[in-house]
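Read the numbers this way: they start at 1 and go in the same order the structure lists the ligands and their atoms.
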Amino acid sequence: MCSMKGYVKIFTYGCQMNDLDSQKIYSELIERGWQPTDDTRLADLIILNTCTVRQKAHEKALSNIGRLRKNKLDKPNLKIVITGCVAQELGQHLFERMPHVDIILGTHQLHRLPDLVKNNSCTYPRVETAFIDYIHSMDIVTRREFLEHSHRAYINIMQGCNNYCAYCIVPYVRGPEISRPAERILCEVEHHARHDVKEIFLLGQNVNSFSGGMSFAELLHRIHSIEGIERIRFTTSHPKDMSTDLIECYATLPKLCSHLHLPFQAGSDKVLARMNRGYTRESYLELIDRLRKARPDMAFSTDAIVGFPDETPEEFQETLDLIRSVRFDVIYSFKYSPRPGTKASDFTDDVLLTEKKSRLRELQTLQNSITLENHRARLGTTYAVLVDGKSRRSAQQIYGRTTHNTIVNFTGDSSWVGQTVRVRITRANQNSLTGKIAQ
Ligand code: 5AD
Ligand code: SF4
């Protein structure tokens with residue numbers, strides 16, 4: 001066992017990919033003798049894993065980094081590391097605004113962190129933001145104590161993006177698409193299966209364009225055949241990369257959950273073309289149809305942007321119309337904000353903020369009513385629920401997720417965590433279901 005190097009605290013913002021990266025950083029540091037702490041004042045090393053996908057996330061990152069200035073004054077030996085997408089985006093420039101930061105670590109450099117924070121092993125300040133061919137951090141296996149639920153493992157299968165949607169900064173901060181070799185992914189899944197993991201959650205910015213030595217559909221088939229694994233999920237997928245083989249998987253692979261996150265972004269062909277999305281409203285709807293034919297109880301979640309440059313009120317109505325047709329379970333909806341370096345940042349951001357706000361409200365009101373109706377349609381049905389943990393609301397209640405990724409609260413024993421039980425739905429709520437054990 002290594003001797004104690006000090007206390008470390010990581011703050012994570014943004015997507016599930018960032019959550020997993022943070023779990024990996026913790027795992028690597030603990031391996032080398034660091035101890036995690038929730039007490040920021042105790043920490044000898046503070047890491048901020050940042051997001052810059054929208055302007056708001058970016059501003060939040062900068063204000064959080066700024067706030068650490070005081071920690072550094074109180075404890076001059078404290079090392080402050082900024083990683084993630086803001087670190088990649090701003091690089092050296094971040095020091096100019098935030099001189100109290102010690103290390104700026106880009107999205108391809110995470111695996112170097114333990115060496116960089118070893119005592120006196122490098123000079124500060126230091127910036128490492130080069131893109132490298134292989135993302136070493138994809139191979140780091142998270143320590144079991146950092147799996148949020150020990151029965152569910154998140155696994156990186158690819159990183160980066162080649163799509164260059166006009167609004168999106170991701171290709172610039174995560175780099176071009178790189179797939180992890182399939183054999184390494186399968187080894188990791190087998191490792192988790194031996195340790196009682198029931199659900200595999202595959203992660204990447206564009207998982208369905210995976211090319212690590214086999215197609216994404218083939219990878220799903222191979223994972224499906226691993227004993228002990230009961231459920232498979234993945235995110236995020238791009239509509240233009242939904243191959244026929246992948247759609248077929250929903251007909252042939254029962255362990256594949258009946259839920260797909262498939263961002264549509266906008267319902268108007270003109271807006272989709274300006275966004276450079278590579279599909280039309282009609283082809284998106286046809287895709288949803290084909291998926292529902294392959295798996296009739298399929299539930300969908302999605303991302304949508306309102307107020308993209310030049311979006312007219314009529315074009316926005318087409319977004320609402322598409323929402324009414326698909327009847328998503330969940331929509332993550334955002335007001336457009338320009339991101340530096342993207343194609344859309346050259347367009348005039350001409351939809352007024354008040355108009356963006358009102359479109360967002362209208363979209364969310366519509367979606368709330370659809371979500372509730374979808375939940376009500378599940379009343380009286382019995383579902384297999386993989387139990388995640390104790391409910392926060394009541395000591396007797398536990399909760400888990402259906403294949404549709406809907407949370408169900410019900411009375412049960414916390415020793416059932418990690419098991420799949422049958423639950424009959426008795427109440428539909430806005431964000432969850434309530435049920436009764438059916439056995
Ligand atoms: N403005 C608003 N929303 C954006 N997204 C990505 N870039 C922007 C932007 N510039 C949204 C998209 C994407 C989600 C992760 O964030 O909907 O799918
Ligand atoms: Fe945010 Fe995108 Fe980076 Fe994830 S990949 S942290 S969503 S900017």
| request: Looking only at distances, please establish whether an N/O atom of ligand 1 is found under 3.5 Å from an N/O atom of Q265. | output: yes
| query | Is K335 in contact with ligand 1, taking contact as a heavy-atom separation below 4.0 Å? | reply | yes
| Hey, is atom 3 (Fe) of ligand 2 within less than 2.8 Å of some N/O/S atom on C85? | yes
| Protein heavy-atom partner closest to atom 4 (Fe) of ligand 2 - residue, atom, separation in Å | C15 SG, 2.3 Å
| message | Please list the nearest protein heavy atom to atom 16 (O) of ligand 1 with its residue and the distance rounded to 0.1 Å. | response | R54 NH1, 2.7 Å
| message | Against the six-membered ring of Y124, is K79 placed for a cation-pi contact (under 6.0 Å from the centre, within 45° of the normal)? | response | yes
| Heavy-atom contacts under 4.0 Å between V53 and ligand 2: side chain, backbone, both, or neither? | both
| task | Compare V170, V173, T50 and give the one whose heavy atom is closest to atom 2 (Fe) of ligand 2. | result | V170
| Residue and atom name of the nearest protein heavy atom (relative to atom 7 (N) of ligand 1), distance in Å to one decimal | Y167 CD1, 3.3 Å
| Nearest to atom 1 (Fe) of ligand 2, what protein heavy atom do you find, and at what distance? | C51 SG, 2.4 Å
| said: I need the atoms of ligand 1 closer than 4.0 Å to a non-hydrogen atom of V53, numbered in the order shown. | reply: 6 (C), 7 (N), 8 (C)
| query | With a 4.0 Å heavy-atom cut-off (strictly under), which part of I305 contacts ligand 1: side chain, backbone, both or neither? | reply | side chain
| Non-hydrogen atom of M17 closer than 4.0 Å to ligand 2 | no
| message | If you take the centroid of each ring, where Trp contributes its six-membered ring, are Y164 and Y172 closer together than 6.0 Å? | response | yes
| task | Looking only at protein heavy atoms, identify the closest one to atom 1 (N) of ligand 1 and say how far it is in Å. | result | S337 N, 3.0 Å
| request: Can you pull out the closest protein heavy atom to atom 18 (O) of ligand 1? Residue, atom name and distance to 0.1 Å, please. | output: D303 OD2, 2.6 Å
| What orientation do H136 and H111 show, parallel under 30°, tilted 30 to 60°, or perpendicular over 60°? | tilted
| said: Nearest 0.5 Å, please: how far is CG in N156 from OG in S179? | reply: 11.5 Å
